[in-house]
Amino acid sequence: MSGEKRFIWSLTVSWLIVGALLLLAVQTGLAQSSSDVYRVEEFNVSGDVSLEVQTAGGSIKAIGSNDDEVKVEMYVRKRGRYIDPGKADLSDYEIDISQNGNTITAVAERKGNNWINRNSYSISFIVYTPNDTRTRLRTSGGSVSATNLTGTQELRTSGGSVSVEGINGDMVLRTSGGSINITDAQGDVEANTSGGTIRVKYLTGNLDARTSGGSINLEQVAGNVEARTSGGSIEAEVVSPAEKIVLRTSGGSIRIKVPQENGYDLDLDANRVYAELINFNGRAERDRIVGDFNGGGTRIEAKTSGGSVRIEYL
């Protein structure tokens with residue numbers, strides 16, 4: 001290796017090490033723990049709980065438990081550092097952490113339109129709540145997550161990811177700037193993002209998933225499926241199909257996995273279509289398959305203008 005190449009290689013390695021150290025420092029600085037909490041409120045409840053949480057510049061977590069109380073932890077951060085209790089000037093914010101019957105509210109909003117000022121903080125919430133809780137969680141500047149809850153869940157953010165796990169109830173999940181992750185859930189789901197991927201693992205319920213900027217990956221789904229993306233591929237494993245599976249993308253390929261013993265009505269359209277057709281009645285061409293499989297049944301409509309469509313069997 002020449003001296004010039006050796007110098008370039010050494011410089012590259014050095015920058016990689018520096019980058020890794022900076023990333024570790026940032027992650028360490030952002031990690032939340034109970035010692036970082038700024039304010040704590042606890043409320044006794046009985047029966048189903050309604051949880052309303054909203055913040056303009058931080059993350060929100062709702063975590064289900066077997067306790068008959070709601071515990072709200074508020075975290076305040078400025079320039080990546082957590083602020084000790086009582087040491088933040090929150091005069092530019094309206095903060096409400098309160099109880100009205102079985103409805104718990106935790107809100108942190110900037111007053112008026114004063115979005116940029118010297119007292120700009122990131123305010124996050126972690127809420128521990130009984131399992132039987134329906135939520136409305138909204139933030140414009142961070143991630144949102146809900147875990148181990150029963151009831152309808154509405155999670156919205158403009159600047160982060162959305163994650164749900166262990167949910168039993170219908171869900172509305174929306175983000176403009178991140179990914180959506182669904183794990184081990186039961187209920188109908190509307191998942192919409194403009195800037196990330198959608199990943200689903202173990203869902204029983206009807207799914208409507210849409211993204212403009214990423215791929216869609218579905219694993220172990222049971223129910224109706226409608227998935228659309230303008231900027232990525234789609235992989236859909238539907239272990240118990242219902243009436244329809246509708247998959248569309250403009251920028252990638254589609255792969256579908258379904259039980260072989262079921263009946264299907266196929267409408268597949270792509271640059272290239274791959275399918276092992278058994279007991280098929282219809283028209284099969286290189287780029288288009290239309291007809292019924294095993295006598296017909298679940299409608300499978302898969303179309304892409306930027307790749308292939310492939311059907312595989314479980």
Side-chain angles (χ1 to χ4, degrees), residues 26-45 48-88 90 93-100 102-110 121-169 171 173-175 178-185:
V26 169
Q27 290 175 335
T28 302
L30 295 181
Q32 285 180 165
S33 68
S34 57
S35 62
D36 297 318
V37 69
Y38 189 88
R39 175 179 171 183
V40 179
E41 299 288 347
E42 296 182 357
F43 307 96
N44 292 322
V45 292
D48 296 347
V49 175
S50 294
L51 180 63
E52 303 269 348
V53 184
Q54 181 172 341
T55 182
S59 62
I60 300 172
K61 294 181 180 179
I63 303 172
S65 70
N66 293 322
D67 297 331
D68 290 328
E69 69 172 15
V70 177
K71 180 180 179 181
V72 180
E73 296 180 347
M74 187 178 85
Y75 296 81
V76 180
R77 197 173 67 237
K78 187 173 184 179
R79 298 190 182 95
R81 295 182 177 275
Y82 286 97
I83 307 301
D84 292 333
K87 294 187 178 180
L90 300 178
Y93 292 80
E94 293 182 357
I95 297 175
D96 176 23
I97 304 176
S98 60
Q99 177 180 16
N100 182 8
N102 267 16
T103 298
I104 306 298
T105 300
V107 176
E109 294 183 309
R110 293 184 179 90
Y121 293 95
S122 170
I123 300 178
S124 300
F125 291 102
I126 297 179
V127 182
Y128 301 91
T129 184
N131 297 118
D132 291 330
T133 297
R134 57 183 180 270
T135 70
R136 292 182 64 199
L137 314 177
R138 292 174 290 173
T139 176
S140 57
S143 61
V144 186
S145 67
T147 307
N148 298 332
L149 299 175
T150 296
T152 59
Q153 314 297 326
E154 180 181 336
L155 284 68
R156 299 175 184 262
T157 175
S158 300
S161 62
V162 176
S163 300
V164 293
E165 183 174 357
I167 301 299
N168 189 345
M171 290 158 272
L173 314 175
R174 300 186 185 277
T175 173
S179 60
I180 297 177
N181 295 279
I182 303 165
T183 305
D184 192 18

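- Taking the side chain as every heavy atom from C-beta outward, S65 and N148 never approach each other to under 4.5 Å.
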- Item | Step-by-step salt bridge (charged side-chain N to carboxylate O under 4.0 Å, His left out) determination, E69 to K71 | CA-CA 6 Å; E69 69 172 15; K71 180 180 179 181; over 6 Å; no

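- Counting heavy atoms from C-beta outward, L137 and F125 have side chains that stay 4.5 Å or more apart.
- At a threshold of 4.5 Å between non-hydrogen side-chain atoms, the residues V70 and Y128 do not count as touching.
- Within the 4.5 Å cutoff, the side chain of I104 has no heavy atoms near those of the V127 side chain.
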- Task: Could you go through the side-chain contact (heavy atoms from CB on, under 4.5 Å) check for I126 and I63 one step at a time?
- Result: CA-CA 8 Å; I126 297 179; I63 303 172; 4.2 Å; yes

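- Among residues two or more places apart in sequence or in another chain, the side chain to side chain contact (heavy atoms under 4.5 Å, CB included) test is passed with D132 by D48, T150.
- In this structure, the side chains of Q153 and V164 stay at 4.5 Å or more apart for every pair of heavy atoms.
- At least one side-chain heavy atom of L90 sits under 4.5 Å from a side-chain heavy atom of I123.
- Listed here is the closest heavy atom pair of L149 and A146: CD1-CB, 4.0 Å.
- For the pair R77 and Y82, the cation sits on the ring face: its NZ or CZ lies under 6.0 Å from the ring centre, inside 45° of the axis.
- Between Y93 and T55, every side-chain heavy-atom pair lies at or beyond the 4.5 Å cut-off.
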